[in-house]
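Here is how names work: the chains are called A, B, and so on, in the same order as the sequence lines, proteins then strands, and each is numbered from 1. Below, all heavy atoms of this structure are taken into account, side chains as well, without hydrogens, waters or symmetry copies.
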Amino acid sequence: MSTGPARKQTISERAMARAQSSGAGKNPDGSAPYLDDLNEEQRAAVVATEGPVLMLAGAGTGKTRALTTRLAHLLFTGRAQAWQILAVTFTNKAAREMRDRIAALVGPSVEGMQWLGTFHSIAAQILRRHAELAGLKSSFTILDADDQARLAKQVIEAANIDSKRWTGRGLAMIIDGWKNRGLTPDKVPANEAYFFADGKAIGLYKAYQARMTTLNAADFGDLLVHNLTIFQNHADVLAEYQNRFRYMLVDEYQDTNVAQYLWLRLLAQKHKNICCVGDDDQSIYGWRGAEVENILRFEKDFPGAKVIRLERNYRSTPAILGAASGLIAANTARLGKELWTAREDGEKVKIRGVWDGEEEARLIGDDIEAEQSKGRSLSEMAVLVRASFLMRAFEERFNMLGLAYRVVGGPRFYEREETRDALAYLRLIRSPDNDLAFERIVNKPKRGLGEKALQTLHKIARSQNISLMVASRQALESDDLHAAARRSLVNFLDTVERWARDAKDMAPADLAELVLEEAGYIEMLKNSKSPQAPGKLDNLKELIQAVSEFDTLEGYLDHVALVAERNENQTGGCAWLMTLHAAKGLEFPIVFLPGWEEEIFPSKRSLDEKGNAALEEERRLAYVGITRAEESVRISFAANRQIYGRWQAAIPSRFIDELPEKHVDVMSEPGLYGNTMGDLASHSRFDGEKLKDDAYYDNPGWRRARAAGARRASTPVQIEGSARAVSVSAPGRSKYKTGQRVFHQKFGYGVISLIEGQKLTVEFEHSGAKKVIDTFVEAA
DNA sequence: TCCGAGCCACTTTTT
DNA sequence: GTGGCTCGGA
């Protein structure tokens, strides 16, 4: 966190330092000193210890501070021992931050908080204690998304279903969806499976779970679902935990899914001291099973709940908050909050229209350099995009400029191929029954044990219900394998067994090194011509480094399964580049928000899939983006963008229209949307020269857009076809005819083949058929 | 068993 | 435009 983008601690460091030095002492008036620097609402959230509490904490309102102080308060006042408090977060990072900040308040007694962690790590902890109640051994392995998909694929193939049409990843997603809702195979409503593999999904789910039991494995979803099953079937176990957790605290409650919600509700039944913290306006993980509903109906679920709103924002200027509030006000499904700040008015939110994505990257690059020359550090600036494919233009441009930047997100260390291979070796050594690990590395590097040999082994294994390792030994006794394969296999098995013996009296890091070397894995990479090979070798070195921090192999493997951390090499002085999702919880003085175009943001695909609910989630994502900024927000949109190698015309995002005019400042290049527009369009908000600010909002196009906006507010589902300032042409009849020859600035000449309202399908002479908005072309 | 050409599909991704 | 996956020939 210290070199990370977030600098939240600055606000409260003073208070923390004071609290730490004074411990649980008292002010002269008898109040606790650690409460002094909290504002009234924060203090209320800290001292309301009994009964259910919902803390609605807007962006930048000092949530973590209130939350950690609350935990410290419970300890200071002796209401609970450290081990009687359950505190759950979603990310390891959040858990770590919370632990550190509580430690700053209470000192070493934080060590006793063994139930502070992520949903998954705590559920795993509980499951290990009662694994046999879920049909597992307590040494079960935790599978990640990749393993899940692989396993799902095997299940599909075993059922003789075409695994190209119905992919393992697809099935894994469906199963995940069910697990997110706490549904075991017997509880899935029958009508929910019809769309996958002719309705066989439930059967496949059953088979998948059977496989999991055989493998003694649990995926992420299982951790929670098994917990639920155990709690529901074993009242004594549930009672044990209900009694233990006198106080519960949940961070980012708006992101909980149904399974997590059920889990919390079961555990809270006894003492009912549950404090959920969240912000309905920042719920952006609906597509992963998060239910905003959980936070919206908290007061119903927990009768008598106190609701405390943190609305004083310490992060952003009034202009930024005003823009963000105005935007989010268009959502209907919200509890309602109004952020305010005591800060001085700052610059307005800048909106800029540009010709295409490359120009956008160029201008943002220029802006960043300009700010840098004014004395800003690069690390104070961030570019936040809707989707990772939008990052490329920026990376290219920044590389060209030699501008130091850092991408947050992307492939994570433990998801990389080479790391996963190395881990598979280690897992196989620890548990020879781990078929997934066996399969992964038996022929990596190449040992002449390919598909054919593996099939043979699988057949033996399945017929006798034994692991691949055991099946391999048997295969050696028979003639099922070629002599060459047999030789190779003997060698492999013996080596693995020797490693297992070595493992007993070797430091895990040394073992890892030995294994990678002897397996020929290092050599394979050294001989590889692939440009990625040196990087992979570096990653393996890093892995060995990571292993060396553990005393036992078991300890390390367990850590890895649940802590899939990003490989963040800490280098200061970089501009930040990340997705909006990755930016949640962070803050930066200057934030660039490119790509605000219809179909990209809001994402067409989301809207197609989930309609208005998705639109609201996209809007929350926009809200998250804007509220990351402390001083300056710069939104941009491009009239053209290359997506997957094809040029696409785009119109500005509806979210731009939704920003309150008094907080924004529009700069746009002349002629962006062509010069053939009708009367209404010729003075669009995004066309023409820079006028005086006020004039921007006093023209026919803008007035019309406002009227449309007002209508839109009353009819929430209006995804296409609304008349807005930016969709320049008059709706309805097009002035073009099918068969007419037209010219487009980017695509050149072509002939219109289809007209749908203002959308034309044009067969371009050089770029093929494309859909364009009619104002982008002119008669040729 | 291995390798390259051709084909498709492609958001967001805390654990 | 790119990577991941499959199929056909060496």
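Residues passing the side chain to side chain donor-acceptor pair (under 3.5 Å) test with A:Trp178 are A:Glu192, sequence neighbours excluded. With sequence neighbours left out, the side chain to side chain donor-acceptor pair (under 3.5 Å) criterion links A:Arg392 to no other residue. For A:Arg99, there are no side chain to side chain donor-acceptor pair (under 3.5 Å) partners, not counting sequence neighbours. For A:Ser139, the side chain to side chain contact (heavy atoms under 4.5 Å, CB included) partners two or more places apart in sequence, or in a different chain, are A:Lys137, A:Asn216. In this structure, the salt bridge (Lys or Arg N to Asp or Glu O under 4.0 Å) partners of A:Glu252, at least two apart in sequence or on a different chain, are A:Lys63, A:Lys584. Partners of A:Asp146 by side chain to side chain donor-acceptor pair (under 3.5 Å), not counting sequence neighbours, listed by chain and number: A:Arg150, A:Arg420. Contacts of A:Glu618 classified as salt bridge (Lys or Arg N to Asp or Glu O under 4.0 Å), with partners at least two apart in sequence or in another chain: A:Arg386.
Separating the CD atom of A:Glu617 from the P atom of B:dT14 is a distance of 15 Å, rounded to the nearest angstrom. What separates CG of A:Leu621 from P of B:dT14 is a distance of 14 Å, to the nearest Å. Computed from coordinates, the A:Arg288 CZ to B:dT15 P distance equals 9 Å when rounded to whole Å. The nearest whole Å value for the distance from the CZ atom in A:Arg169 to the C1' atom in B:dT13 is 10 Å. In this entry the distance linking NE2 of A:His120 with C1' of B:dT13 reads 12 Å, nearest Å. For the pair A:Ile643 CD1 and B:dC8 P, the computed distance is 21 Å after rounding to whole Å. Nucleotide B:dT1 holds its P atom 12 Å from the CG atom of A:Leu489, rounded to whole Å. In this structure, A:Lys584 atom NZ and B:dT14 atom P are separated by 12 Å, rounded to whole Å.
Look at A:Asn92 and you won't find any side-chain N or O under 4.0 angstrom from OP1 or OP2 of B:dT14. Distances shorter than 4.0 Å separate none of the side-chain N or O atoms of A:Ser603 from OP1 or OP2 on B:dT12.
Within 4.0 Å (heavy atoms only), A:Gln148 reaches no atom of the nucleic acid at all. When heavy atoms are screened at a 4.0 angstrom cut-off, A:Leu449 is found touching the sugar-phosphate backbone but no base atom. Within 4.0 Å of A:Asp255, counting heavy atoms only, lies at least one base atom of the nucleic acid.
Under the 3.5 Å distance criterion, with hydrogens and angles disregarded, no donor-acceptor pair is assigned to the side chains of A:Asn640 and A:Asp356.
Ion pair A:Lys604/A:Glu598 not flagged as a salt bridge, since none of the NZ, NE, NH1 or NH2 atoms sits closer than 4.0 Å to an Asp/Glu carboxylate oxygen.
For A:Ser388, whose side chain is taken as the heavy atoms from C-beta onward, the closest listed nucleotide among B:dT14, B:dT12, B:dT15 is B:dT12. If you check B:dT13, B:dC2, B:dT14 against the side chain of A:Asn443, the one that comes closest is B:dC2.
Stacking of A:Arg447 on the aromatic ring of A:Phe492 is not recorded, the 6.0 Å distance cut-off and the 45° axial limit not both being met.
Put simply, the side chain of A:Arg605 and the base of B:dT12 share no donor and acceptor less than 3.5 Å apart.
Summary of the strand contacts: A:Leu580 and A:Lys446 both lie near DNA chain B, and taking for each the nucleotide with the nearest heavy atom, the more 5' one is attributed to A:Lys446.
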For nucleotides 1-4 of chain C, which of its nitrogen or oxygen atoms have a protein nitrogen or oxygen under 3.5 Å away, and what is each distance?
residue	atom	partner	partner atom	Å
C:dG1	N7	A:Tyr644	O	3.3

Would you list the protein and nucleotides 5-10 of chain C atom pairs, both N or O, that sit under 3.5 Å from each other?
residue	atom	partner	partner atom	Å
C:dC7	OP1	A:Lys164	NZ	2.7

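A:Tyr285 does not qualify as a stacking partner of the B:dT13 base, lacking a centre-to-centre distance under 5.5 Å together with planes within 30°.
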